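I have placed the structure first, in the form of C-alpha cells, so that the comments after it can refer back to it.
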Amino acid sequence: MSADAPSHFIRNLVSRDVAAGKHGGLVVTRFPPEPNGYLHIGHAKSICLNFGIAKDFGGVCHLRFDDTNPAKEELAYVRAIQEDIHWLGFEWDSLRHASDYFEVFYQCARKLIEDGKAYVCDLNAEQVREYRGTLTSPGRASPWRERSSEENLDLFTRMREGEFDDGRRTLRAKIDMASPNINLRDPAIYRIRKISHQNTGNAWPIYPMYDYAHCISDAVEGITHSLCTLEFEDHRPLYDWYLDQLNLRSHPELSASLTDPQVSRPEQTEFSRLNLDYTVMSKRKLVELVQKELVEGWDDPRMPTLSAMRRRGFTPESIRMLCDRVGVTKQVNVIDFGVLEGCVREDLDKRAQRRMAVLDPLPVTIENLDEGYTADIEVSNHPQQPELGTRTLRHGRKIYIERTDFEEVPPKGFKRLIPEGNVRLRHIGIVHCVGVDKDDTGRVTGLRVTLYKPEDAPKVKGTIHWVSAEHGQRAQVRLYDRLFSVANPDSGEGSYIDHLNPNSCQVIDAAWVEPAAADGVAETRFQFERIGYFVADRREHEPGKPVFNRVVSLRDSWAKR
RNA sequence: UGGGACGUCGCCAAGUUGGUAAGGCACAGGGUUUUGAUCCCUGCAUUCCCAGGUUCGAGUCCUGGCGUCCCAGCCA
C-alpha cells in the first residue's frame with residue numbers, strides 16, 4: 001500500500017481480507033459504467049477508489065461496460081468513457097462488457113428455472129406494479145408463479161427465440177412477495193426488448209436486468225470486492241441471493257462459454273457518492289442540459305463532466321487530489337465547490353508557467369521613452385521554480401494595463417495606480433502617472449506616465465501587470481463561473497433549470513496577451529499573473545487566434561473586502 | 001415499529017480492545033513577497049444528534065428518543 005494513500009473503511013476492509021487470505025489473498029476490482037452518458041466528477045471518485053485499491057494491493061482492476069439496456073446505450077459513450085479514464089490517469093487491466101457474458105446469464109437463468117427459483121410471468125408492467133404491493137404492505141403472488149419447470153423452460157426458450165413481443169413476458173426470480181425489501185418481491189431477471197445492441201447486434205431479443213447481470217459479471221470476472229454507491233445497499237441481499245442460488249464455482253458448465261473464467265464469490269460494499277454544491281450530478285439532468293442546449297455540449301467547460309473539466313483546464317492531478325481530500329465513507333455529503341477550486345489552485349500554482357494578460361485594456365504611454373524604443377527583458381517563468389526557465393518580454397513606449405488597476409478616486413487601501421501616483425509595472429520598473437486622458441463623456445481613454453531610473457525610483461506598495469501594445473496579441477478569453485447560482489439546485493421549488501447561473505460564461509473578445517502565451521499549443525495552462533489560471537482551449541485555440549478559458553481565479557483578498 | 005443506512009467544528013473527515021476529541025478545506029489575525037498570488041507562523045469542538053444508564057473514566061458499551069438519506073423501473 002502506498003504511503004500517501006488515505007486510509008478509509010474500504011481500504012481497511014480490503015487490507016483485513018488480504019491479511020486473512022480471503023479470496024486467496026487476491027484483490028480484483030472493477031469500474032462498471034453504463035455507456036449512457038459521459039463520466040462526471042462523481043465517477044472520478046469511484047474510478048480513483050477502484051483503480052486505487054487494486055493498485056495499492058497489487059491487484060487488478062477491470063473496466064466493464066454495463067451494457068444490458070441497449071435502449072439507452074451508445075458506442076459514442078463507450079469511446080468517450082475510455083478517453084476520460086485514460087486522461088484521469090488510469091489504465092484497466094482488461095476491458096470487458098456485460099454483454100460478453102450474455103450466454104452465461106442465459107445458462108444461469110435456465111438453471112434457476114430448473115431449480116424452481118425462477119418463472120416466466122405473463123403479467124404486464126402495470127399489473128406487476130399492482131401485485132408488488134407498497135412500501136408498507138406486502139405484495140401478492142403472480143398467477144403465473146407456480147408454473148412447472150418444464151413449462152417455464154419452454155416459455156423461456158421461446159422468449160430467447162424471439163417468439164414474443166416486447167414486454168409481453170418476463171422471467172422473474174421466485175423469492176418472497178411479502179419481503180419488507182421490495183427488491184426481493186420476485187424481481188425481473190429478463191425482459192423482452194427487440195432492440196439492436198451495440199455489441200451483440202440482433203443476437204438477443206431478451207436482455208438481463210442489472211441486479212442479475214451485475215453479480216454474475218462480477219463473479220465470472222473474479223472480482224473480489226464489488227464497490228458501489230449507497231443506493232445499492234438494498235440490492236445487496238439480491239446480489240447475494242443470485243450468487244448463492246447459482247453457486248458458479250461448483251457449476252463450471254454455467255460459464256463454459258467463456259475461455260478463461262476466473263470465478264470468485266465477490267462481496268458488495270457500498271460508499272457514498274461525491275456531491276458538489278452549485279452543480280448537478282445526475283446523468284438524467286446532465287443529458288437534459290445537453291439535449292435542451294442549455295449548455296454547449298457534454299464538454300461545455302461549465303459542466304461537471306470529466307471531458308468538460310478537462311476543457312476547462314482542470315488537471316487530472318487536481319481531480320485525484322479532490323478524491324483523496326474528500327475521503328470515502330457512507331455519509332451522505334456535499335463538498336464545497338471551493339475545495340475543488342483549492343485543488344486546482346494548489347496543483348497549478350506549482351506547475352503553471354506565469355504570463356501576463358490584460359482583460360480590460362487601458363492604453364498607457366510611457367512618455368520618457370522614445371518613439372520606436374524597444375526593450376527586451378529576460379524574466380523567470382515561475383517565481384519559485386527557476387527550473388521552469390525564462391522567456392523574453394518585449395515592450396516599447398505604449399502598453400496596456402488593466403482598467404481596474406487605475407482609479408481616479410481610489411478607495412481606502414488601494415495600492416495600484418492613481419493620478420500623480422506611483423506603481424511598479426511588473427518586470428519593467430516604477431512609473432509615475434503624469435496625465436489622464438478622457439473622452440467627452442469623461443471616460444478615461446488613456447494614461448501618460450514616466451518611468452523612473454532604477455536608482456531614482458521611490459518605494460511603492462503595488463505592482464501591476466501589462467501587455468505591450470505593439471508586441472502583444474489579441475485573444476479571446478472566457479471567464480467561467482459556477483453553472484448554478486444556488487448551492488443546491490435540486491432542492492426547493494421549481495426545476496433545477498430555473499437556477500442556472502445567467503453569468504456562468506463571460507466572453508471577452510478583446511483581451512491582450514503576451515506572445516509567449518498566445519503561441520502555446522492547445523491545452524497549455526498558464527497563470528496570468530494577478531488574474532488566475534487559464535488554459536488554451538482544447539478545441540478552438542490556434543496560433544494567431546488565441547482562445548483561453550479561465551480555470552479558476554487567483555485568490556483575491558483585496559476583492560473580498 | 002415497512003425495510004435499509006447514516007448522524008464528531010461552516011464543509012469534508014480520523015477516532016484501534018472505553019482512558020480523557022487527528023488532519024484537510026473555509027475563516028480570523030501576523031510575517032515574507034517586484035503577482036493584494038504563493039509561502040510561513042498563530043488561532044479556530046470542555047465537546048462528539050438528544051435524554052437517561054453502566055463505569056474511577058464513554059464519541060466509543062446499554063436503553064429510549066430525534067433528525068437526515070435511499071427503496072414501490074420490464075433503468076443502472
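Order of the sequence lines sets the chain letters (A, B, ...), proteins ahead of strands, with each chain counted from 1. This structure is a prediction, so every number in the text was calculated from the model and none was measured.
- In the interface, the side chain of A:Asp234 is paired with the base of B:rG3 through a donor and an acceptor atom under 3.5 Å apart.
- Distance, A:Asp336 CG to B:rA13 C1': 13 Å, rounded to whole Å.
- In the set B:rC75, B:rG4, B:rC74, B:rC74 carries the atom at the smallest distance from any side-chain atom of A:Val128.
- One interatomic measurement links the two molecules: CZ of A:Phe156 to C1' of B:rC74, which rounds to 14 Å at whole-angstrom precision.
- At B:rA37, none of the side-chain N or O atoms of A:Gln527 fall inside 4.0 Å of OP1 or OP2 (strictly under the cut-off).
- An OP1 or OP2 oxygen of B:rA37 is reached within less than 4.0 angstrom by no side-chain nitrogen or oxygen of A:Arg354.
- Among B:rA72, B:rU35, B:rA37, the nucleotide with an atom closest to any side-chain atom of A:Ser557 is B:rA37.
- Atom CG of A:Asp211 and atom P of B:rC71 are 13 Å apart (whole Å).
- The residue A:Thr329 sits close only to the backbone: its heavy atoms come under 4.0 Å of sugar-phosphate atoms, none of a base.
- Aromatic rings from A:His197 and A:Trp204 are positioned such that their centres are separated by 6.0 Å or more.
- A donor N or O paired with an acceptor N or O is not found under 3.5 Å between the base of B:rU38 and the side-chain atoms of A:Arg555.
- Using a 4.0 Å heavy-atom distance criterion, A:Val334 is classed as a sugar-phosphate-only contact.
- Between B:rC25, B:rC74, B:rA28, one nucleotide has an atom nearer to the side chain of A:Lys560 than all others, and that is B:rA28.
- Using modelled atom types, one finds no donor on one side chain facing an acceptor on the other under 3.5 Å when comparing A:His465 with A:Glu529.
- By the stacking rule of 5.5 Å between ring centres and under 30° between planes, A:Trp558 stacks on the base of B:rG36.
- Side-chain rings of A:Phe105 and A:Tyr190 stay apart, their centers remaining 6.0 Å or farther from each other.
- Residue side chain A:Arg129 does not reach the base of B:rG73 through any donor-acceptor N/O pair under 3.5 Å, judged by distance alone.
- The interatomic distance linking A:Asp349 (CG) with B:rC25 (P) rounds to 14 Å, in whole Å.
- Nucleic acid contact for A:His214: none, since no nucleic acid atom lies under 4.0 Å from a heavy atom of the residue.
- Checked against the 6.0 Å centroid threshold, A:His214 and A:Tyr210 count as a close aromatic pair.
- Of all nucleotides listed (B:rA37, B:rU34, B:rA5), B:rU34 comes nearest to the side chain of A:Arg426.
- The side chain of A:Arg132 contributes an N or O atom lying less than 4.0 Å from OP1 or OP2 of B:rC74.
- Cation-pi geometry between A:Arg140 and A:Tyr131 is met: the NZ or CZ atom falls under 6.0 Å from the ring centre, inside 45° of the normal.
- Per the geometry, CD belonging to A:Glu130 stands 15 Å off C1' belonging to B:rG73, to the nearest Å.
- In this structure, A:Asn381 atom CG and B:rU35 atom C1' are separated by 14 Å, rounded to whole Å.
- Checking B:rA76, B:rU38, B:rC12 against every side-chain atom of A:Thr68, the shortest atom distance belongs to B:rA76.
- For the residue pair A:Ser318/A:Asp347, the side-chain donor-acceptor check at 3.5 Å is not satisfied.
- In this entry the distance linking CG of A:Leu230 with P of B:rG7 reads 11 Å, nearest Å.
- Considering only the side chain of A:Thr170, B:rC74 comes nearest among B:rG3, B:rC74, B:rC71.
- Distance CD1 (A:Ile401) to P (B:rU34): 20 Å, rounded to an integer number of Å.
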